[in-house]
Amino acid sequence: MLISIFVLLLISVIAIALIVSSGTESALAGNYRSATSVYYAALAGLEEGRGRLLGKNTTSFRNTAVGFMPSAGTTLAMEARAISSIPCR
């Protein structure tokens, strides 16, 4: 009788350990999926930026509309603003 209770307890402990392990595996798989998605999104962003910087690309920055970007050496007008006094401690 005592041996059967001990075996039942042992099987219950193993079952609980398997359930906890299954939950951990699901969480790890979700984290891996999220990290992989973020990695590929960042890589796609880098490739998009790299492609836009290439001059032979039709959508590159060199092929923008006239006046979109100021030409090199152009002095830009700056708006003068009053700086409020900030008390020093």
Side-chain angles (χ1 to χ4, degrees):
M1 177 76 174
L2 187 61
I3 293 176
S4 62
I5 292 175
F6 179 71
V7 170
L8 184 60
L9 177 68
L10 184 64
I11 291 173
S12 297
V13 167
I14 291 172
I16 290 172
L18 287 173
I19 290 171
V20 169
S21 175
S22 172
T24 303
E25 287 291 327
S26 296
L28 286 173
N31 287 341
Y32 177 76
R33 187 177 343 116
S34 175
T36 303
S37 174
V38 168
Y39 169 76
Y40 284 121
L43 189 61
L46 288 173
E47 288 295 324
E48 175 75 18
R50 182 174 172 243
R52 288 188 182 206
L53 290 174
L54 290 175
K56 62 184 178 182
N57 189 355
T58 59
T59 60
S60 74
F61 289 118
R62 292 184 185 176
N63 300 325
T64 56
V66 178
F68 175 73
M69 293 174 55
S71 59
T74 304
T75 304
L76 300 176
M78 299 295 289
E79 182 179 319
R81 293 186 181 191
I83 299 174
S84 62
S85 61
I86 300 173
C88 297
R89 293 183 185 189

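Residues meeting the side-chain contact (heavy atoms from CB on, under 4.5 Å) test with Y39, sequence neighbours left out: L43. With sequence neighbours left out, the salt bridge (charged side-chain N to carboxylate O under 4.0 Å, His left out) criterion links R50 to E47.
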Below 3.5 Å, can you tabulate the donor-acceptor pairs from side chains in residues 9-37 to any protein atom, sequence neighbours excluded?
| residue | atom | partner | partner atom | Å |
| --- | --- | --- | --- | --- |
| S12 | OG | L8 | O | 2.9 |
| T24 | OG1 | V20 | O | 3.0 |
| S26 | OG | S22 | O | 3.1 |
| T36 | OG1 | Y32 | O | 2.8 |

